[in-house]
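Indexing begins at 1, ligand by ligand and atom by atom, following the structure's order. Counting from 1, the numbers follow the sequence of the chain as shown. What you see below is based on every heavy atom in this structure, not just the backbone, and it leaves out hydrogens, waters and symmetry mates.
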Amino acid sequence: MGARGKRNTTTRRRPARWKRWSYLLIVVTAGGSAVWLLTPALRSEGPRPTGGDVVEIKGTMGGFSTKLIRAKAGRPLTVRLTSVDSRFHTDGGGKHQFAIDALGVNLIAPPQGTRAATFTPAQPGVYEYYCDICCGGRANPTMVGKLIVET
Ligand SMILES: [Cu+2]
(Lines give C-alpha, C1' and ligand atoms only; values in the text may rest on other atoms or scores of the structure.)
Protein backbone atom coordinates (compact mmCIF):
# COMPACT_ATOMS: atom_id res chain seq x y z
CA MET A 1 0.00 0.00 0.00
CA GLY A 2 2.80 2.32 1.00
CA ALA A 3 4.84 1.65 -2.15
CA ARG A 4 1.84 2.13 -4.37
CA GLY A 5 1.09 5.53 -2.82
CA LYS A 6 4.70 6.61 -3.24
CA ARG A 7 4.75 5.72 -6.92
CA ASN A 8 1.59 7.66 -7.54
CA THR A 9 3.07 10.73 -5.86
CA THR A 10 6.20 10.54 -7.99
CA THR A 11 4.16 10.28 -11.17
CA ARG A 12 2.07 13.26 -10.19
CA ARG A 13 5.11 15.42 -9.32
CA ARG A 14 6.90 15.04 -12.66
CA PRO A 15 5.96 18.13 -14.73
CA ALA A 16 4.04 17.43 -17.89
CA ARG A 17 5.99 17.76 -21.12
CA TRP A 18 4.03 20.83 -22.25
CA LYS A 19 4.79 22.48 -18.92
CA ARG A 20 8.53 22.02 -19.34
CA TRP A 21 8.31 23.41 -22.87
CA SER A 22 6.37 26.42 -21.69
CA TYR A 23 9.01 27.14 -19.00
CA LEU A 24 11.67 27.02 -21.70
CA LEU A 25 9.60 29.31 -23.90
CA ILE A 26 9.22 31.83 -21.06
CA VAL A 27 12.97 31.79 -20.34
CA VAL A 28 13.87 32.25 -24.01
CA THR A 29 11.29 35.01 -24.51
CA ALA A 30 12.33 36.89 -21.37
CA GLY A 31 16.03 36.54 -22.16
CA GLY A 32 15.53 37.64 -25.74
CA SER A 33 13.48 40.66 -24.66
CA ALA A 34 16.14 41.69 -22.17
CA VAL A 35 18.86 41.56 -24.83
CA TRP A 36 16.63 43.40 -27.29
CA LEU A 37 15.90 46.12 -24.73
CA LEU A 38 19.48 46.53 -23.55
CA THR A 39 21.33 46.54 -26.87
CA PRO A 40 20.06 49.88 -28.29
CA ALA A 41 20.68 51.50 -24.89
CA LEU A 42 24.29 50.33 -24.90
CA ARG A 43 24.79 51.53 -28.47
CA SER A 44 23.44 55.05 -27.95
CA GLU A 45 25.24 55.65 -24.63
CA GLY A 46 28.14 57.63 -26.05
CA PRO A 47 31.48 55.94 -26.66
CA ARG A 48 31.27 52.19 -26.83
CA PRO A 49 33.75 49.72 -25.34
CA THR A 50 35.57 49.61 -28.70
CA GLY A 51 36.46 53.28 -28.25
CA GLY A 52 34.33 54.55 -31.13
CA ASP A 53 32.07 57.58 -31.26
CA VAL A 54 28.38 57.51 -32.09
CA VAL A 55 26.50 60.31 -33.80
CA GLU A 56 22.74 60.44 -34.24
CA ILE A 57 21.37 62.22 -37.30
CA LYS A 58 17.78 62.77 -38.31
CA GLY A 59 16.79 63.31 -41.91
CA THR A 60 13.61 65.19 -42.84
CA MET A 61 12.42 67.19 -45.83
CA GLY A 62 13.93 70.17 -43.99
CA GLY A 63 17.41 68.66 -44.12
CA PHE A 64 19.81 66.93 -41.75
CA SER A 65 19.44 67.61 -38.03
CA THR A 66 23.25 67.69 -37.79
CA LYS A 67 25.23 69.61 -40.37
CA LEU A 68 28.64 69.32 -38.71
CA ILE A 69 30.32 66.24 -37.25
CA ARG A 70 33.74 66.19 -35.64
CA ALA A 71 35.72 62.97 -35.49
CA LYS A 72 39.21 61.74 -34.75
CA ALA A 73 41.37 60.16 -37.42
CA GLY A 74 41.87 56.44 -36.80
CA ARG A 75 38.93 56.25 -34.40
CA PRO A 76 35.78 54.30 -35.36
CA LEU A 77 32.74 56.48 -35.94
CA THR A 78 29.21 55.13 -35.96
CA VAL A 79 26.57 57.18 -37.76
CA ARG A 80 22.97 56.36 -36.93
CA LEU A 81 20.67 57.90 -39.53
CA THR A 82 16.94 58.08 -38.83
CA SER A 83 14.40 59.12 -41.42
CA VAL A 84 11.56 60.96 -39.71
CA ASP A 85 9.44 61.04 -42.87
CA SER A 86 6.74 58.51 -43.66
CA ARG A 87 6.58 56.38 -46.79
CA PHE A 88 3.77 58.60 -48.11
CA HIS A 89 6.23 61.32 -49.09
CA THR A 90 6.13 61.54 -52.85
CA ASP A 91 9.68 62.87 -52.87
CA GLY A 92 11.95 59.93 -52.14
CA GLY A 93 9.26 57.81 -50.49
CA GLY A 94 10.38 58.89 -47.02
CA LYS A 95 13.92 57.59 -47.39
CA HIS A 96 17.03 59.60 -46.59
CA GLN A 97 20.66 58.93 -47.31
CA PHE A 98 23.99 59.64 -45.65
CA ALA A 99 26.81 59.27 -48.12
CA ILE A 100 30.48 60.22 -48.10
CA ASP A 101 32.02 59.31 -51.44
CA ALA A 102 35.64 59.75 -50.32
CA LEU A 103 35.17 57.24 -47.47
CA GLY A 104 32.92 54.80 -49.28
CA VAL A 105 30.03 55.38 -46.87
CA ASN A 106 26.49 54.99 -48.19
CA LEU A 107 23.70 54.69 -45.66
CA ILE A 108 20.02 54.72 -46.56
CA ALA A 109 17.40 54.95 -43.81
CA PRO A 110 13.95 53.59 -44.68
CA PRO A 111 10.82 55.67 -43.93
CA GLN A 112 10.57 56.18 -40.16
CA GLY A 113 13.48 53.83 -39.65
CA THR A 114 17.12 53.90 -38.60
CA ARG A 115 20.23 52.47 -40.23
CA ALA A 116 23.76 52.62 -38.84
CA ALA A 117 27.22 52.39 -40.34
CA THR A 118 30.58 52.26 -38.59
CA PHE A 119 33.68 53.44 -40.39
CA THR A 120 37.12 54.72 -39.48
CA PRO A 121 38.35 57.83 -41.26
CA ALA A 122 42.09 57.29 -41.57
CA GLN A 123 43.11 60.72 -42.88
CA PRO A 124 42.37 64.11 -41.33
CA GLY A 125 40.38 66.42 -43.54
CA VAL A 126 36.95 67.82 -44.33
CA TYR A 127 34.55 65.40 -45.94
CA GLU A 128 31.17 66.31 -47.39
CA TYR A 129 28.18 64.14 -46.63
CA TYR A 130 24.92 64.37 -48.52
CA CYS A 131 21.53 62.86 -49.27
CA ASP A 132 20.85 62.30 -52.95
CA ILE A 133 17.37 60.87 -52.60
CA CYS A 134 14.99 63.71 -51.80
CA CYS A 135 14.42 67.39 -52.49
CA GLY A 136 16.33 67.73 -55.72
CA GLY A 137 19.10 65.49 -54.50
CA ARG A 138 22.65 66.52 -53.85
CA ALA A 139 22.15 70.03 -55.22
CA ASN A 140 19.87 70.84 -52.28
CA PRO A 141 21.97 72.74 -49.73
CA THR A 142 19.89 71.55 -46.75
CA MET A 143 20.80 67.91 -47.28
CA VAL A 144 24.54 68.31 -47.06
CA GLY A 145 26.93 68.52 -44.12
CA LYS A 146 30.58 68.41 -43.19
CA LEU A 147 32.53 65.76 -41.37
CA ILE A 148 35.68 67.27 -39.92
CA VAL A 149 38.32 64.69 -39.13
CA GLU A 150 41.10 65.87 -36.85
CA THR A 151 44.35 64.25 -35.78
CU1 LIG B 1 17.13 63.37 -47.80
Side-chain angles (χ1 to χ4, degrees), residues 12-151:
R12 226 179 286 131
R13 265 194 198 158
R14 200 199 305 149
R17 184 169 276 189
W18 68 267
K19 259 189 180 171
R20 279 183 286 162
W21 278 111
S22 51
Y23 289 146
L24 183 68
L25 187 69
I26 289 165
V27 168
V28 168
T29 309
S33 307
V35 168
W36 185 80
L37 287 170
L38 286 172
T39 310
L42 290 173
R43 277 194 199 138
S44 57
E45 291 292 323
R48 299 177 304 166
T50 53
D53 295 316
V54 181
V55 61
E56 300 273 353
I57 300 180
K58 286 185 171 61
T60 68
M61 287 301 163
F64 286 123
S65 62
T66 301
K67 301 259 175 68
L68 183 71
I69 303 171
R70 286 182 185 277
K72 285 276 181 196
R75 188 176 164 92
L77 176 69
T78 297
V79 172
R80 286 172 51 82
L81 174 69
T82 299
S83 172
V84 178
D85 294 323
S86 78
R87 66 190 172 89
F88 300 109
H89 273 273
T90 50
D91 195 359
K95 289 181 198 166
H96 289 286
Q97 181 186 23
F98 176 97
I100 304 175
D101 294 341
L103 300 176
V105 179
N106 185 15
L107 200 55
I108 295 172
Q112 295 174 320
T114 303
R115 289 292 181 275
T118 301
F119 56 97
T120 305
Q123 300 298 323
V126 179
Y127 301 88
E128 186 197 75
Y129 58 86
Y130 64 90
C131 167
D132 201 18
I133 291 179
C134 65
C135 325
R138 207 176 162 173
N140 180 357
T142 65
M143 294 237 65
V144 294
K146 278 192 173 81
L147 166 67
I148 298 176
V149 179
E150 293 157 322
T151 48

Kindly indicate whether the side chain of I69, heavy atoms from C-beta on, has any atom under 4.5 Å from the side chain of D53. no
Does a side-chain heavy-atom distance below 4.5 Å link S86 with Q112? yes
Give the C-alpha distance, both sets of side-chain angles, the deciding distance and a yes or no for side chain to side chain contact (heavy atoms under 4.5 Å, CB included) between L147 and V79. CA-CA 11 Å; L147 166 67; V79 172; over 6 Å; no
The ring-ring contact (aromatic ring centres under 6.0 Å, His included) partners of Y127 (sequence neighbours excluded) come to none
What is the distance from atom CD of Q97 to atom CD1 of I133, rounded to the nearest 0.5 Å? 5.0 Å
Tell me if the CD atom of Q123 is crowded by more than 12 foreign heavy atoms within 6.0 Å. no
Near the Cu ion (ligand 1), meaning under 2.8 Å, how many protein N/O/S atoms are there? 4
